[in-house]
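Below, chain A is the first sequence line, B the second, and so on; all start at residue 1.
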Amino acid sequence: MNIIRPKIYINEVRTKHGKIACSSSELDLGVTLKGGQSFRWFDHDDGYRGVFDGCVWTLTQNDTHLSYTVQGPLVDYKNYDKILSDYFRLDVCLHDLCKKWIASDQHFKKSLNKTNGVRILNQDVVENVFSFICSSNNNIQRISGMVQKLCTLFSEKICSIEGKDYYSFPSIEALASTDVENKLREEKFGYRAGYIANTAKHLVQLGGKEWLSNLHKENNASYVDARKQLVTLPGVGPKVADCICLMSLGHLEAIPVDTHIFQIAKASYLPHLKQYKTVTPKIHEEIGNYLRELWGPSAGWAQALVFCAKINDVTACTTSRNKRERTKES
DNA sequence: TACAAACCTTCTCT
DNA sequence: AAGAGAAGGTTTG
């Protein structure tokens with residue numbers, strides 16, 4: 001007997017184009033997408049292509065506009081302009097923030113001269129928890145490869161574009177399934193394999209994604225409490241917790257104190273810390289509190305700008321650059 | 001409470 | 001050519 005069902009294309013791949021007014025001084029796609037906040041964006045022609053909100057986005061910009069193509073299982077009721085605008089927090093005026101930071105911090109302008117248009121991305125919290133667990137003692141290139149591996153091993157294909165497959169980020173449940181740690185060990189995740197598997201299992205026990213979402217500022221969680229909860233997860237210490245708070249829980253006062261911010265703090269703000277070689281929890285606390293006082297309620301955003309100015313400072317890394325180019329030529 | 005040392009792997013520089 | 005040192009840290013003793 002033939003059962004006739006209406007055809008429903010649940011996973012039909014569709015494409016939509018759009019354009020949002022946004023000046024290039026408010027947003028620099030390159031430093032924002034590839035400065036170490038997200039690990040899922042890659043160069044594509046004169047723009048960038050990556051995955052978020054379960055779709056593949058291709059972004060370009062000019063002086064006045066941000067243009068996008070979004071591909072995947074698109075649905076009619078969603079406003080993709082708004083989804084992209086929310087991702088970049090385009091409702092926040094970076095220019096106004098910078099004016100305040102220049103006024104309160106005599107060192108800030110130097111950073112701004114090197115880099116502008118850094119925005120704090122509003123990312124998915126599950127993706128951020130596991131991505132930043134991968135980030136410990138690691139570099140951006142390798143982290144990106146590991147995040148990609150998590151997606152292909154434990155999640156689903158969104159669609160295929162120009163012969164390349166794109167995947168969504170795995171669910172907590174998928175990462176909590178059997179044998180995840182061993183599989184990740186085989187993929188050279190090292191000691192992070194155990195952190196990922198155990199954090200996933202831990203999160204399932206706590207209530208999954210909902211538990212994480214309840215730490216969001218919009219759900220009335222405080223920064224201090226969100227951070228306190230996050231560091232109970234294996235592989236999540238103060239720095240990773242601050243990354244999660246800042247980039248996916250709306251706590252813009254969170255300041256991840258990594259080795260670069262530690263160097264900057266010693267050089268320009270807290271010279272008495274020069275005697276210390278590594279960031280201890282106490283020093284993390286001291287630097288965070290000092291910079292929050294200096295930069296105000298969006299201090300984490302200022303931190304991101306200062307951080308990007310440092311790592312993108314060409315004058316500070318001429319040696320390795322010259323060496324690379326010389327090797328290529330010969 | 002406060003430090004080291006260990007932890008996995010990759011890449012770079014010497 | 002081989003090995004130390006660092007890479008946007010966390011855990012353990």
Looking at A:K157 and A:D165, is any side-chain nitrogen of the basic one under 4.0 Å from a carboxylate oxygen of the acidic one?
yes
Quick check on the 6.0 Å ring-centre criterion: do A:W41 and A:Y48 meet it?
no
Distance only, no hydrogens: is a donor on one side chain within 3.5 Å (strictly under) of an acceptor on the other, for A:H260 and A:Q303?
no
Grab the CG-P distance between A:N139 and C:dG8 for me, whole Å please.
6 Å
In residues 229-239 of chain A, which residues come under 4.0 Å of DNA chain C by heavy atom?
A:L233, A:P234, A:G235, A:V236, A:G237, A:P238, A:K239
Check A:R227 against A:E285 and note the closest heavy-atom contact, atom names and distance.
NH1-OE1, 3.8 Å
Taking salt bridge (charged side-chain N to carboxylate O under 4.0 Å, His left out) as the test, write out the residues that go with A:R49, two or more places apart.
A:E162
When you compare the side chains of A:Y68 and A:D81, does any donor N or O come within less than 3.5 Å of an acceptor on the partner?
yes
If two hydrophobic side chains count as joined below 4.5 Å and joins carry through other members, does A:V129 share a cluster with A:V147?
yes
Return whichever of A:T278 or A:Y195 has its heavy-atom-nearest nucleotide of DNA chain B closer to the 5' end.
A:T278
In terms of relative ring orientation, are A:Y87 and A:F52 parallel, tilted or perpendicular, with 30° and 60° separating the classes?
parallel
Answer yes if the ring centres of A:F39 and A:F132 are under 6.0 angstrom apart, and no otherwise.
yes
Whole angstroms only, please: what is the CE-P distance between A:M146 and C:dA7?
17 Å
With rounding to the closest Å, how many angstrom separate the P atoms on C:dG5 and B:dA5?
13 Å
Could you tell me whether A:F307 contacts a base, only the sugar-phosphate backbone, or nothing, with contacts defined as non-hydrogen atoms closer than 4.0 Å?
base
Among residues at least two apart in sequence or on other chains, which ones pass salt bridge (charged side-chain N to carboxylate O under 4.0 Å, His left out) with A:K149?
A:E187
Of the candidate nucleotides C:dT10, B:dT10, C:dG8, which contains the atom at the shortest distance from the side chain of A:R142?
B:dT10
Contiguous pairing runs of three or more, Watson-Crick or G-U under 3.5 Å, that involve DNA chain B
B:3-7 with C:9-13, B:9-14 with C:2-7
Go nucleotide by nucleotide along DNA chain C from the 5' end; which of A:K277 and A:V257 gets its closest nucleotide reached first?
A:K277
With the threshold set at under 4.0 Å for non-hydrogen atoms, list the residues of residues 282-299 of chain A touching DNA chain B in residue-number order.
A:K282
Nearest-angstrom distance, P atom, B:dA6 to C:dA4
14 Å
Whether A:W295 and A:Y269 hold their rings parallel, tilted or perpendicular, with breakpoints at 30° and 60°
perpendicular
Check DNA chain B against residues 176-192 of chain A and give the residues with a non-hydrogen atom under 4.0 Å, in numerical order.
A:R185, A:K188, A:G190, A:Y191, A:R192
Donor-acceptor pair between A:S25 and A:N116 side chains, under 3.5 angstrom:
no
To the nearest 0.5 Å, what is the distance between CZ (A:R40) and CG (A:L150)?
9.5 Å
If the P atom of B:dT10 is compared with that of C:dT11, how far apart are they to the nearest Å?
23 Å
Separation between the P atoms of B:dC7 and C:dG8, rounded to whole Å
22 Å
